[in-house]
Amino acid sequence: MVHSASLCACLSLLTVLSCHSHVLPRLSFPIGNPGRSLTVFTNPDVYNTTTLLLSNDEGTLFVGARDAILTINVSQSDAMTMEKKLDWSPSEKDLVDCAMKGKMKMDCHNFVRVLQVLNSTHMYACGTFAFSPRCIYINSKTFAMAIGPSGKPEEGRGRCPYDPYQKNTAITVDGELYTGTVADYRGTRPVISRHLSEGSHVDLKLDDTLGWLEDPTFISSTYVPSEEKVYIFFSEIGKEYDFIDKFIVSRVAQVCTSDVGGQRTLQKRWTTFAKAQLLCQADQELPYNILQDIVSLSPPEGTSEDETLFYGIFTSQWQVNLGRSAVCAFSLKDIKKVFTGHYKVLNRDTLKWSTRVQEQMANPGECGLHNASDNTLRFVKDNFLADKSVRPVNQGLELVSPDKSYSNIAAQRVRGAHGRDYTVLYLLTESGYLHKVVLLKNRAHIIEEIQVFQQPQQVKNLLLSVSKGAVLIGSSEGVISVPMSNCSYYWSCAECVLARDPFCGWDPVMKLCTDMHTHDHLVQDVDEGNVSAQCTYVSSMSRSGQSRTPSTVCPPGEVLSVSLNEVVHLQCPEASHLAKRHWERLNSQLSPKIYIQSDDGSLSFVATPSTLGHYLCQTVENGYTQTLLVYHVKQKSNPTILPATPNHPPSTPSTKAGNKTPVHTPRLIAPRQTEPRPEPDDVDPTVTLKDSPVATTHKSRNFTRLLGMDKENSRMTEPGENLQQADKLSYFQELVVVSVLLALCVSALLMIAVKSLRHLYHGRTVLEAPSSRRDAENGGSATPQERESLRGHSPRLEKRNGQAPNGQAHNGKSPITLSNSMLNSSNGHLPNTPM
Ligand SMILES: *[C@@H]1O[C@H](CO)[C@@H](O)[C@H](O)[C@H]1NC(C)=O
Ligand SMILES: *[C@@H]1O[C@H](CO)[C@@H](O)[C@H](O)[C@H]1NC(C)=O
Ligand SMILES: *[C@@H]1O[C@H](CO)[C@@H](O)[C@H](O)[C@H]1NC(C)=O
Ligand SMILES: *[C@@H]1O[C@H](CO)[C@@H](O)[C@H](O)[C@H]1NC(C)=O
Ligand SMILES: *[C@@H]1O[C@H](CO)[C@@H](O)[C@H](O)[C@H]1NC(C)=O
Ligand SMILES: *[C@@H]1O[C@H](CO)[C@@H](O)[C@H](O)[C@H]1NC(C)=O
Ligand SMILES: *[C@@H]1O[C@H](CO)[C@@H](O)[C@H](O)[C@H]1NC(C)=O
């Protein structure tokens, strides 16, 4: 399927270019950039600090690590100090046993995977304990191991995975522990269970006779007090879509905290377990079906808990969306509605799902079924999969990642100017960047990206310490605290407004960009980022300033003294990734015959009497033009001229903006002009380009070469002419590159075409009927990409012919035939209604 894969790659590339180019981060801070200073906790004796829990006062961070649990003082946002360390290692014998089982030595440690506050005096922790999970009580005050009610170490089976690389989730409610994990050594028996229950409130687990879970990956869990329910989020095989091989679906499941199991039927089993599909899908596109992380965001004060939102990151199983991920938001209201609706019916004999209408014996998922009749409980036992899927609020995706996959998410509501609330998401990319995103009315704006890791890291969760203004990230190599904001980075009103950061506002009196908390009258425009409307005193150098105050047309800037015929090379720093740079001369156009404007923002030209004068380096962002730098290029007459104060922000934006490609600061150019010239023939007014001072930098040397000059024939007669030639030459280069690319592309397409023709011919003879059926099944309205990507799934073809490729997954099932009525039920996406 090479050709379809490459075609998909092509298509996805096109999609990235066409649709998602606008979600670039505005600013990018590489690691170590002073604009966003990270605080890092590392300790040579502590490893794998991945499980985090923040105390209620946000002053202490509890960390579940390898063979240890720590407390870190995070009350200062710029320091993280270890306060206590509780060692908890497997014994020699445990290690020997682990090694005997054939496990790697580095995995035969105790990796702490559950760390929860149990009650006012105790905490509870579980670890993998060399592939033999254990749990302990911890005295919160002394941070020492405590004796539990049983008086001996607790077994961790069903509470913590055996394998440290397996995902799990756990939450305590009223002193009871709700977990989702695998409960066996091989990792094949998933359970959602309740532990540490007392009295008539017995420990409960999942009834596993009917396959309530299908090879799930647990992601997270949350307790909703008003519902008295625990919601568990995970992804698993969607058995209701059994015409697609191993179609992964994302789920939300629920159990009631009041559940005590049935009396005969479902004894010590959940009577309130129900699950539903979470569908993160845009119209006419394949769903992003695999949940990676999900967090809840409580509603604004004074609104119903139904407005609670769950923000999830989803990736896709299909090539078309490979390497990207989407963020979807689901509301508690919608989840509740789906759970109180109809349920799919499982045929106990064939283990197949049907939509047959059945007499409603009870409302599945309803709390308080403990003394219901056996009949009712049997009904509940069969009806655990909600018929409808939970669809995202606003009927769409909040955001699609620009190019990297997201792995972890945190969400926060931030109060901006005029009492307006904004949702801010923190998204960690797999490559180690933290994206800070504000959700606007119809789109998302990535305020910035901050590099937090050099190497990609496995991260369990992001925690927010709102009072300290920090995002806490636990990784194998340490704990990192990232500031939520640092407004002082924005040096002007325009930059402050363009940032659209709800944390930041411009103080017109103090003339600085500052935190919204500091006072009430700050200027901010998160929704529009409209500088002209907000920054009313507009700087004299901006366009509107020019027209208003002609007297300030020539502001003091960088003075550059040059000799005639010298090549001048001016740099324009990048203020943001969303800004376009361009050059302007006062009162005249920049003819491309004389000036070369490069993609890196620089301007090159030859000094002649007519090219002397002022040059403005400007950026245009969101319809607003601002002048970053002004150069005054003048003829060298008096060698003692010193550069004037440059008219740009105190520190050069290029370093602040963290460009990946470093830009030479203009200051480097100016002093060079005054350096004594090395060669005597430089006195000659017809200077050779090669010996001209600017030609001493790499860039200008290339420029010289581009001009096609060397020492012998470099006497310039007409600068404009030569530059014209340079233009032609550079276009020629581009032409060559473009032609080669075009040729490559055409040949690649030809190959693909030939291959697919051959494949089609081949395919027709074997699989004619299935292929047309598949198209129909795809809803008819499927886009070519969708069809193409589905076509890439060859296992389905085998299955459609009645040869289940994977015996384990389809035991006891007859081959599937698709009926027309079923096909009609699909509406533009993968059918929701199973057979
Ligand atoms: C954390 O450190 C601060 C100052 O460094 C100190 O005042 C505070 O008491 C410490 N917190 C705890 C819980 O020890
Ligand atoms: C907290 O739980 C522990 C362990 O079950 C128990 O010993 C302790 O009494 C509990 N504390 C409170 C205040 O309930
Ligand atoms: C239901 O069971 C509880 C104990 O679990 C019992 O106290 C109650 O009387 C029962 N209610 C009914 C209607 O049987
Ligand atoms: C523990 O950390 C090391 C690197 O420090 C990493 O290679 C290993 O995968 C981590 N183990 C787990 C279980 O996360
Ligand atoms: C904020 O940025 C400024 C420079 O722009 C830097 O000096 C300061 O240390 C930063 N503060 C934090 C908390 O990152
Ligand atoms: C910005 O605000 C000004 C004045 O309120 C308005 O004229 C202009 O259209 C706005 N620009 C944008 C891009 O919304
Ligand atoms: C520019 O010249 C330098 C030094 O000769 C060379 O290392 C670099 O690769 C050149 N760059 C281009 C784009 O030709």
Side-chain angles (χ1 to χ4, degrees), residues 40-52 63-68 90 98 103-113 116-125 127-131 133 135-142 144-154 160-168 172-177 187 195-199 201 203 407 432 440-441 453-461 474-480 493-494 497-498 500 523-536 538 542-544 578 620-625:
V40 180
F41 167 82
T42 52
N43 183 309
D45 298 329
V46 176
Y47 310 89
N48 300 86
T49 46
T50 42
T51 304
L52 304 186
V63 182
R66 184 177 107 182
D67 298 333
C98 183
K103 295 297 169 185
M104 301 245 290
K105 191 154 175 271
M106 65 174 291
D107 297 334
C108 283
H109 287 279
N110 182 25
F111 295 93
V112 177
R113 281 298 129 87
Q116 292 281 315
V117 173
L118 195 62
N119 59 28
S120 57
T121 56
H122 286 78
M123 295 177 70
Y124 195 74
T128 58
F129 216 77
F131 282 83
C135 297
I136 52 168
Y137 291 88
I138 301 166
N139 181 319
S140 311
K141 217 178 221 133
T142 61
M145 262 184 232
I147 307 296
S150 66
K152 52 183 200 281
E154 303 236 328
C160 179
Y162 287 64
D163 182 332
Y165 297 100
Q166 229 139 24
K167 290 187 175 180
N168 68 302
T172 49
V173 180
D174 296 333
E176 291 176 302
L177 181 74
H195 308 267
L196 313 180
S197 306
E198 284 173 351
H201 227 230
D203 283 358
S407 59
L440 306 176
K441 218 167 258 136
F453 300 122
Q454 298 278 16
Q455 301 292 326
Q457 298 272 325
Q458 280 286 334
V459 169
K460 205 164 140 65
N461 54 351
S475 77
S476 279
E477 259 128 58
V479 182
I480 296 173
C493 181
V497 168
L498 286 172
R500 308 171 89 163
V523 172
Q524 185 190 67
D525 185 6
V526 177
D527 295 295
E528 305 290 335
N530 189 332
V531 177
S532 13
Q534 301 297 326
C535 305
T536 40
V538 179
S542 75
R543 260 202 183 140
S544 50
L578 305 184
V620 186
E621 183 173 349
N622 201 24
Y624 178 75
T625 305

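Just so you know, ligand 1 is whichever comes first in the structure, and atom 1 is the first atom listed for that ligand.
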Participant: Any donor-acceptor pair under 3.5 Å linking the side-chain atoms of T50 with those of N48?
Facilitator: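 Note: N48 and T50 side chains miss the donor-acceptor criterion.
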Participant: Would you please name every residue forming a side chain to side chain contact (heavy atoms under 4.5 Å, CB included) with N461, sequence neighbours left out?
Facilitator: L52, L463
Participant: Run the numbers on T49 and S476 for side chain to side chain contact (heavy atoms under 4.5 Å, CB included), then give the verdict.
Facilitator: CA-CA 5 Å; T49 46; S476 279; over 6 Å; no
Participant: Could you walk me through whether V497 and V523 pass the side chain to side chain contact (heavy atoms under 4.5 Å, CB included) test, one step at a time?
Facilitator: CA-CA 7 Å; V497 168; V523 172; 4.1 Å; yes
Participant: Could you please spell out the steps behind the side chain to side chain contact (heavy atoms under 4.5 Å, CB included) verdict for Y137 and I147?
Facilitator: CA-CA 7 Å; Y137 291 88; I147 307 296; over 6 Å; no
Participant: Quick one: ligand 4 N/O to protein N/O pairs below 3.5 Å?
Facilitator:
| from | atom 1 | to | atom 2 | distance (Å) |
| --- | --- | --- | --- | --- |
| ligand 4 | 2 (O) | N48 | OD1 | 3.2 |
| ligand 4 | 2 (O) | N48 | ND2 | 2.4 |
| ligand 4 | 2 (O) | S476 | OG | 3.4 |
| ligand 4 | 9 (O) | Y165 | OH | 3.1 |
| ligand 4 | 11 (N) | N48 | ND2 | 2.8 |
| ligand 4 | 14 (O) | N48 | ND2 | 3.3 |

Participant: Under 4.0 Å from a heavy atom of T121: which atoms of ligand 2 are those, numbered in the order shown and with their elements?
Facilitator: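 Taking each heavy atom of T121 in turn, ligand 2 has 1 (C), 8 (C), 10 (C), 11 (N), 12 (C), 13 (C) under 4.0 Å.
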Participant: Take D67 and H109, measure what side-chain hydrogen bond (donor to acceptor under 3.5 Å, both in side chains) needs, and give me the verdict at the end.
Facilitator: CA-CA 6 Å; D67 298 333; H109 287 279; 2.8 Å; yes
Participant: Pairs of nitrogen or oxygen atoms closer than 3.5 Å, one from N530 and one from ligand 6: do any exist?
Facilitator: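 There is such a contact, yes.
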Participant: Nearest 0.5 Å, please: how far is NE2 in H195 from CD in E176?
Facilitator: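 Answer rounded to 0.5 Å: 11.0 Å.
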Participant: Please state whether the sulfur gamma atoms of C108 and C98 sit closer than 2.5 Å to each other.
Facilitator: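 Correct, these two cysteines form a disulfide.
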Participant: Give yes or no for whether the N/O distance cutoff of 3.5 Å, strictly under, is met between Y137 and ligand 2.
Facilitator: no
Participant: Any N or O of S120 that comes nearer than 3.5 Å to an N or O of ligand 2?
Facilitator: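 Between S120 and ligand 2 (N or O atoms, distance only) the closest approach is not under 3.5 Å.
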Participant: Against heavy atoms of P149, which atoms of ligand 2 measure under 4.0 Å?
Facilitator: 5 (O)
